[in-house]
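Side-chain atoms are counted along with the backbone in the values below, which use heavy atoms only and exclude waters and symmetry mates. No experiment lies behind these values; they were computed from the predicted model shown.
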Amino acid sequence: FTVNVEGKLECPPLVPYLNAGSGWVQASEESIAEGGSVTFGPQPTDGDWTWTGPDGFTYTGREARINGFNNLKAGRYVATRTTEAGCFDQITFRLTLKQ
């Protein structure tokens with residue numbers, strides 16, 4: 001049997017959320033104090049997530065966390081989501097060191 005599936009793949013847009021200690025906010029940029037931490041929690045929650053970032057950062061999972069923030073950890077963090085339906089999306093977060 002051959003099965004042909006037609007139609008448009010609907011991939012909901014990725015929405016950036018992060019928590020730098022004062023609760024979850026919808027943001028993709030944040031200044032973090034030296035020694036601070038931040039947790040990323042982009043939406044939606046489905047799919048497989050992988051992360052890359054400065055100073056050799058990698059993570060597998062949706063909610064990535066950075067502890068002991070410093071100048072080496074400042075920069076762009078990129079999350080990639082892949083779903084069983086075929087969605088492949090990326091979202092970028094930018095973290096700077098709070099002066």
Do [X] and [Y] make a side-chain contact, defined as non-hydrogen atoms from C-beta onward lying under 4.5 Å apart?
X	Y	answer
Lys98	Ile32	no
Trp24	Thr39	yes
Asp89	Cys11	yes
Pro42	Leu14	no
Leu95	Phe40	yes
Phe93	Trp51	yes
Thr50	Tyr59	no
Ile66	Tyr77	yes

Salt bridge (Lys or Arg N to Asp or Glu O under 4.0 Å) partners for [X], two or more places apart:
X	answer
Glu34	none
Asp46	Arg81
Arg94	Glu29

Closest contact, heavy atoms only, [X] versus [Y]:
X	Y	value
Pro44	Pro13	CD-O, 3.9 Å
Ala64	Phe57	CB-CZ, 4.0 Å
Thr96	Phe69	O-CE2, 3.6 Å
Glu30	Ala20	CG-CB, 4.1 Å
Pro16	Ser28	CB-CB, 3.8 Å

> Checking Gln99 side chain against Leu97 main chain: does a donor-acceptor pair fall under 3.5 Å?
Replying inline: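 Here the side-chain-to-backbone pair exists.
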> For Asn67, does its backbone N or O pair with a side-chain atom of Lys73 as donor and acceptor, under 3.5 Å?
Replying inline: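 Yes, the answer is positive, given that a donor and an acceptor are paired below the 3.5 Å cut-off.
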> Would one find more than 12 heavy atoms of other residues, nucleotides or ligands at under 6.0 Å from atom CD of Gln26?
Replying inline: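 Yes, CD of Gln26 has more than 12 neighbouring heavy atoms, counting only those of other groups under 6.0 Å.
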>> Can you confirm whether Asn70 is buried at CG, in the sense that more than 12 heavy atoms of other residues, nucleotides or ligands lie under 6.0 Å from that atom?
In response: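 Enclosed: over 12 neighbouring heavy atoms sit under 6.0 Å from CG of Asn70.
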> Can you tell me if Arg65 and Ser37 form a side-chain donor-acceptor pair at under 3.5 Å?
Replying inline: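 Arg65 vs Ser37: donor-acceptor pair found between side chains.
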>> Between Thr58 and Thr52, is there a side-chain donor-acceptor contact under 3.5 Å, judged purely by atom types and distance?
In response: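 No.
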>> If hydrophobic clusters are built by linking Ile, Leu, Val, Met, Phe, Trp and Tyr wherever their side-chain heavy atoms come under 4.5 Å apart, do Val78 and Trp49 end up in the same one?
In response: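 Val78 does not cluster with Trp49.
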